[in-house]
Amino acid sequence: MAKVKSSSGKKHRSNPEWLRRHVTDPYVKQAAAQGYRSRAAFKLAEIDDRLKLLRPGAVVVDLGSAPGSWTQVVRERLTNRGGAVQGRIIALDLLPMDPLPDVTFIQGDFRDEAVEAQLAEALAGAPVDLVLSDMAPNLSGIAAADAARSSHLAEIAIEFARRHLRPSGAVLLKAFQGSGFSQLVELLKREFVTVGVRKPAASRAESAETYLFARGLKLQPR
């Protein structure tokens, strides 16, 4: 499943106010200076600093990975002082993604049987320690429709996590405050032992974007 661009894509990018904010955004400048593919890298980095989700030896699946900034952070944090990656990193997206060393990239919809088979081959029987999802819909401006699309993406990420996580594993996913948000939280609480909400500094204050994390499956995968 693709990580679809949020905030109505091209319409916002041609907006003078959006352009002004983008070129003056300190996270955009830091991302360029540090070689990250987007400012989103700092969202995952801040959340991981607090939650310690990325640990040596972890098997991590990044859903909707393109352009790859979250995958870059995962790789950095699983790399030891000798430069070797300790763990396994699998990234999936409908869109192409430029290669990253030590990362298995699968292009396609993770709900398709063919893509599922590629994922199973990449995992080679190993359970997943962490599922990441920064997927977001291409917002239409119609609140009810956008909320439904956002919730749907979150729900399929949760179902993916249920099927692939080890019992002690964790999931971190993007969500949007508004209609359907409380239902997503309740869904996670039914499925996981620990559930929380994070709003990293790199997520703009005026945005409804937030992140939900959950750890410890209550039920065995179906």
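Just so you know, these numbers use all the heavy atoms, side chains as well, and skip hydrogens, waters and symmetry mates.
- Here the closest non-hydrogen pair linking A214 and V195 is CB-CG2, 4.1 Å.
- Residues R215 and V193 form no side-chain contact, since every pair of their non-hydrogen atoms from C-beta on lies 4.5 Å or further apart.
- Rounding to the nearest 0.5 Å gives a distance of 11.5 Å between CG of L188 and OG1 of T194.
- In this structure, L44 CG and D134 CG are separated by 8.5 Å, a value rounded to the nearest 0.5 Å.
- Taking OG of S150 as the start and CG of L184 as the end, the distance is 9.0 Å to the nearest 0.5 Å.
- Judged by distance alone, with hydrogens and angles left aside, the side-chain atoms of R75 form a donor-acceptor pair with the main-chain N or O of P101 at under 3.5 Å.
- A salt bridge between R88 and D129 is absent, with no side-chain N of the basic residue lying under 4.0 Å from a carboxylate O of the acidic one.
- Contact check on R163 versus E159 returns a salt bridge, with a Lys/Arg side-chain nitrogen under 4.0 Å from an Asp/Glu carboxylate oxygen.
- Taking 4.5 Å as the limit, some side-chain heavy atom of Y211 sits within range of a side-chain heavy atom of I47.
- Taking the side chain as every heavy atom from C-beta outward, F42 and Q34 approach each other to under 4.5 Å.
- Shown here for A91 and S65, the closest heavy-atom pair between the two residues is CB-OG, 3.4 Å.
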(request) Would you sort out whether V61 and H164 count as a side chain to side chain contact (heavy atoms under 4.5 Å, CB included), showing the intermediate values? (result) CA-CA 9 Å; V61 175; H164 294 284; over 6 Å; no
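- With a 4.5 Å cut-off on side-chain heavy atoms, D48 and L172 do not count as touching.
- For the pair L212/V185, a side-chain contact is recorded, criterion being any heavy-atom separation below 4.5 Å from C-beta on.
- Using a 4.5 Å cut-off on side-chain heavy atoms (C-beta onward), V171 and I158 make no contact.
- V74 places none of its side-chain heavy atoms less than 4.5 Å from the side chain of D62.
- In this structure, L173 and F160 have side chains that are not in contact, with every pair of non-hydrogen atoms separated by 4.5 Å or more.
- The main-chain N or O of L54 is never found under 3.5 Å from a side-chain atom of R77 such that the two would form a donor-acceptor pair.
- Here the CZ atom belonging to F192 is positioned 8.5 Å from the CG atom belonging to L187, to the nearest 0.5 angstrom.
- Of the possible donor and acceptor atoms, one in the side chain of D93 sits under 3.5 Å from a partner among the backbone N and O of L95.
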(request) Test side-chain hydrogen bond (donor to acceptor under 3.5 Å, both in side chains) on T210 and Q177 and set out the steps. (result) CA-CA 7 Å; T210 189; Q177 296 277 1; 4.6 Å; no
